[in-house]
Each structure stands twice: as C-alpha cells, then as structure tokens.
Number of protein chains: 2
Amino acid sequence: MARKPADQSVAREDILWAAAEVLHRKGYEATTMKDIAAQVNLTAASLYHHFKNKDFLLLNVLEVGLDLTIDKLERIDASDLTCAEKLGAMIRSHVVSVTGNVAVGAAMVFEIRALLNVSVGGRNGDESFTREFVARRNQFFARRDYFEGLFRDTVRAGIEAGEFREVDAAIVTKAMLGAHNWVGVWFKEGGRLSGEAVADVMVDTWLAALGV
Amino acid sequence: MARKPADQSVAREDILWAAAEVLHRKGYEATTMKDIAAQVNLTAASLYHHFKNKDFLLLNVLEVGLDLTIDKLERIDASDLTCAEKLGAMIRSHVVSVTGNVAVGAAMVFEIRALLNVSVGGRNGDESFTREFVARRNQFFARRDYFEGLFRDTVRAGIEAGEFREVDAAIVTKAMLGAHNWVGVWFKEGGRLSGEAVADVMVDTWLAALGV
DNA sequence: CCTATAATCTAACAATCATTTGATTTTTGG
DNA sequence: CCAAAAATCAAATGATTGTTAGATTATAGG
C-alpha cells in the first residue's frame with residue numbers, strides 16, 4: 001500500500017486549525033475523526049498520536065482560540081487610554097479576531113455545549129483522563145468568564161468615570177458579546193465589508209449605545 | 001409487558017416542545033430519537049408515527065418557533081407607531097419570545113447548521129422525502145430572511161424619517177439579532193432579571209445606539 | 001358491540017464511528 | 001550508518017443509533 005511519501009509529520013497546530021474548520025462546517029457531533037484527519041491527509045487513527053481523544057481535541061481548539069483573543073485584550077486593558085478608547089479598541093480587537101478566523105470564532109460559540117455534554121460520570125478505566133478533562137474544562141470556563149469580565153469591567157469603569165451613561169453593565173456586555181459572536185455566523189470573507197469595516201461599525205454602535 | 005395504560009395519544013405538539021427541550025440541552029446530533037421519545041413517555045419507534053424522520057422533526061421545531069415569532073412581529077409592523085416605537089416593540093417582542101421559550105429560541109440559533117448538514121444528495125429510494133425536505137428547508141430560510149428584513153426595514157425607515165442617526169442598517173440589524181439570540185444562551189428563569197426586564201434593557205440599548 | 005383506524009410497542013438491522021492493537025515507515029541523535 | 005523514538009497506517013472491535021417490520025392495544029364511528 002505504501003504511505004504517502006511527502007507531508008510527513010503534520011504539526012499539532014495544523015490539526016487544530018483543520019479541526020476548527022470542520023467543526024465550523026459541521027459541528028462537533030457531526031464531525032468525525034476521519035473528517036478532521038482527511039483535512040490534513042492523515043487517517044483517523046493517526047490523530048490519536050497527537051491528541052488523547054476527540055473530546056480533548058475539541059477542548060484544545062477552544063483553548064487556543066480563547067487564549068489568542070484574551071492576549072490581545074489584555075494588552076489593551078493594560079494601556080492608559082480612556083475607558084471609551086479602551087472599550088473601542090477591545091471591541092475592534094474582538095471583532096477582527098472573529099472575522100479573521102471565523103472557524104475558531106464560531107467554535108467558541110457553537111461547540112461549548114458539546115464540551116458540557118462530554119460524559120464524565122462513568123466508572124470506566126481512564127479515571128485520569130476524566131479528571132484531567134474536567135479540570136481543563138473548568139479552567140476553560142473560568143477563562144471565558146474572565147474574558148467577559150474584561151469587557152464588563154471596562155463598561156463599569158466608564159460609567160463610574162462619567163464617560164458612559166448609566167446602563168446595566170452586565171446585560172449590555174452580554175448583548176455586546178452576543179453581537180460579536182454572531183459575526184462569526186454571518187461574516188464571509190470578500191463580502192461588502194471587510195472585517196475591519198465591520199469592526200468599525202460595531203465600535204461606533206456600542207459607543208453610541210453607551211451615550212458617547 | 002403491557003403498555004402504560006394512561007397517557008395515550010401524545011399530541012404532535014407535545015413532541016415538538018419536548019424535542020426543543022432536548023435539542024436545547026444536547027444539540028441536534030447528540031440528541032437521539034430515544035431521548036426525545038423518553039421525554040414524552042414513548043419509544044423511539046413511536047415517533048415515526050408522528051414525524052417522517054429525525055430531520056423533519058427538527059425542521060418542524062424550527063418552523064413552529066419561527067412562525068410564532070414572526071406572527072407577533074407582523075402585528076407590530078402593521079401598526080402606525082413611529083419607527084422608534086415600532087422598533088422598540090419589535091425588540092421587546094423578540095427578546096420576550098426568546099426568554100419565554102429558551103429551548104426554541106436556542107434551537108433557532110444553534111440547530112440551523114444541522115438543517116444545512118442534512119445529506120440530500122443520494123440516489124436512495126425516498127426521492128419524494130428528499131424533495132419535500134429541501135423545499136420546506138428553503139422556505140424556512142426564506143422566512144428567516146424575511147424575519148431579519150422586518151427589523152432591517154424598520155431601521156432603514158427610521159433613518160429615512162430622521163428618527164435614527166445614519167448607520168449601516170444591515171450590520172446594525174445583524175448586531176441586534178445577534179444580541180437577542182445570545183439571550184437564549186445565557187438567560188435563566190429566576191435570575192436577577194425577568195425576561196421583560198432584559199427586554200427593556202435591550203430596547204433602551206438599541207434605541208440609544210440609533211441615537212434616539 | 002364491532003370493526004377500522006390510530007397509536008404504540010418489541011425486536012432486529014444496517015450503518016456509522018470513536019477507539020485500540022499491532023505493525024510499518026520515517027526521522028534523528030550519536 | 002544504526003538504533004531508538006516518532007509518526008503513520010490498516011484492520012478489527014464494541015457500542016450507538018436511526019429506521020423498519022410486524023405485532024399489539026386503544027379509540028371512535030356506526
């Protein structure tokens with residue numbers, strides 16, 4: 001049969017992006033290990049050399065996606081802009097992230113339920129797998145709350161500083177993130193507006209909503 | 001073995017709500033016919049007396065959910081309120097719909113990809129099933145565009161009437177619907193705010209975003 | 001009360017899929 | 001160049017699941 005000679009040693013990260021792409025198209029449950037493997041010219045069995053199992057693969061995709069986004073937000077948060085400027089930069093950064101990698105952006109929205117659904121109760125042998133999975137999943141959710149908190153705290157700070165009008169910061173923040181997440185659903189590269197242009201509209205919209 | 005004596009004749013609609021509930025919890029692919037059947041004290045096989053197959057069952061849930069929402073919006077659209085009042089009422093109606101039936105609301109967001117994924121290419125026997133499914137699916141998507149159009153047209157009308165500031169109506173509308181859809185993800189009955197209260201915040205937020 | 005129809009059930013099937021096992025091939029450090 | 005480690009593969013397994021077939025039970029109209 002002979003293996004394909006070229007393309008040896010697919011990088012772990014290549015698999016992650018490929019997985020995100022397939023997840024975006026079909027969703028976690030409908031995505032087979034074979035689908036992901038085919039995307040990087042491997043067989044399903046080979047994926048197990050890089051990832052413990054399908055659940056961990058999903059978790060990895062989400063972790064990487066979230067980390068990339070948080071990194072940028074933290075840099076903005078650490079700057080000494082006004083709250084309005086800061087929030088504008090954060091919105092822009094988030095929306096550009098989503099439009100720049102719709103697959104990962106959509107996974108962050110759509111596949112979190114799949115993460116929750118992972119059966120984790122059993123008395124099966126791989127107790128340590130389960131324990132590690134639960135720990136990392138919890139950390140992921142904690143980081144996701146932290147991510148939301150970065151936006152919410154900026155909104156709150158802006159209200160206290162008198163830059164924003166008085167709104168329910170928690171709800172408005174959720175509305176904001178919902179709007180951004182949804183971009184990952186409808187945005188298509190090459191459409192009427194670039195990702196940057198969409199981001200500009202979002203910044204303008206949300207600052208107006210906050211009375212700036 | 002004996003069948004369960006009571007509970008004869010489960011209504012078609014009961015199955016739909018039950019299905020929505022399970023879909024909300026697990027997502028389409030992870031939801032088994034057995035899951036749905038159990039929710040209404042039936043066996044999986046019995047569901048086939050009410051619905052052609054799993055795909056049609058999903059389609060039915062989405063159709064019913066969308067129709068209910070559109071009905072209310074059309075009544076508002078037909079009124080002779082100002083654009084701002086009209087949009088406010090539409091936002092409130094949509095958000096209350098979502099918070100009032102989170103299961104259906106979330107299905108409208110999360111399960112549409114499942115609808116797209118239904119394999120429909122084959123040369124298998126049930127040509128007529130496939131044809132009907134594709135036709136109804138297309139109609140569903142058309143109605144979904146119509147739904148979005150109700151909001152977008154109101155935003156446009158408000159801009160032309162000088163009630164709203166000049167914004168990119170298409171993008172702002174998508175942002176708005178994204179924010180509303182997301183409510184179905186985080187809203188929990190019995191939380192800090194009622195569905196109505198959340199709707200009020202949304203109305204206030206979006207009218208502010210439009211400069212009212 | 002009887003019978004046709006509706007609603008449900010049990011049992012079985014065929015397909016799919018995540019995962020494991022046990023080679024085989026490639027790469028790399030010495 | 002060699003041997004150990006890394007990366008990959010083919011094949012088999014066990015479990016799940018949508019769906020169908022063929023009864024069985026309930027209901028409603030005459």
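In what follows, every heavy atom counts, from backbone to side chain, and hydrogens, waters and symmetry copies are set aside. A note on names: the letters A, B, ... follow the listed sequences, proteins ahead of strands, and every chain is numbered from 1. These numbers come from a predicted model, not from an experiment.
Listed nucleotides: D/dA21, D/dA11, D/dG18. Nearest to the side chain of B/Ala45: D/dA21. Checked against D/dA21, C/dT19, C/dT8, the side chain of B/Leu42 finds its nearest nucleotide in C/dT8. Minimum atom distance to the side chain of A/Thr32 is reached by C/dA18, of the listed C/dA18, D/dT19, D/dC9.
One finds no side-chain N or O of B/Ser46 lying less than 4.0 angstrom from the OP1 or OP2 phosphate oxygen of C/dA7. The phosphate of D/dA6 has neither OP1 nor OP2 within less than 4.0 Å of any side-chain N or O from A/His50.
Distance, B/Phe51 CZ to D/dG18 P: 15 Å, rounded to whole Å. Whole-Å rounding puts the A/Leu47 CG to D/dT8 P distance at 9 Å. In this structure, NZ of B/Lys34 is placed 10 Å from C1' of D/dT16, rounded to the nearest angstrom. Between A/Asn53 atom CG and C/dC17 atom P the separation is 17 Å, expressed in whole Å. In this structure, B/Lys52 atom NZ and D/dT19 atom C1' are separated by 15 Å, rounded to whole Å. Atom CZ in B/Phe129 sits about 12 Å away from atom C1' in D/dT20, given to the nearest Å. At whole-Å resolution of the value, CD1 in A/Ile36 and C1' in C/dC17 are 12 Å apart. Atom OH in B/Tyr48 sits about 14 Å away from atom C1' in C/dA12, given to the nearest Å.
The two residues A/Asp55 and A/Asn53 come nearest to each other via the heavy atoms N-OD1, 3.0 Å.
Between A/Glu111 and B/Arg113 a salt bridge is recorded (basic side-chain N to carboxylate O distance below 4.0 Å). Using a cut-off of 4.0 Å between Lys/Arg side-chain N and Asp/Glu carboxylate O, B/Arg143 and B/Asp67 are scored as salt-bridged. Electrostatic pairing of B/Arg144 and B/Glu148 does not count as a salt bridge here, judged by no charged N lying under 4.0 Å from a carboxylate O.
Judged by distance alone, with hydrogens and angles left aside, the side-chain atoms of B/Arg92 form no donor-acceptor pair with the main-chain N or O of B/Val203 at under 3.5 Å.
Nearest-nucleotide positions on DNA chain C for B/His49 and A/Glu29 put B/His49 closer to the 5' end.
If you check every strand for non-hydrogen atoms under 4.0 Å, B/Thr43 touches a base.
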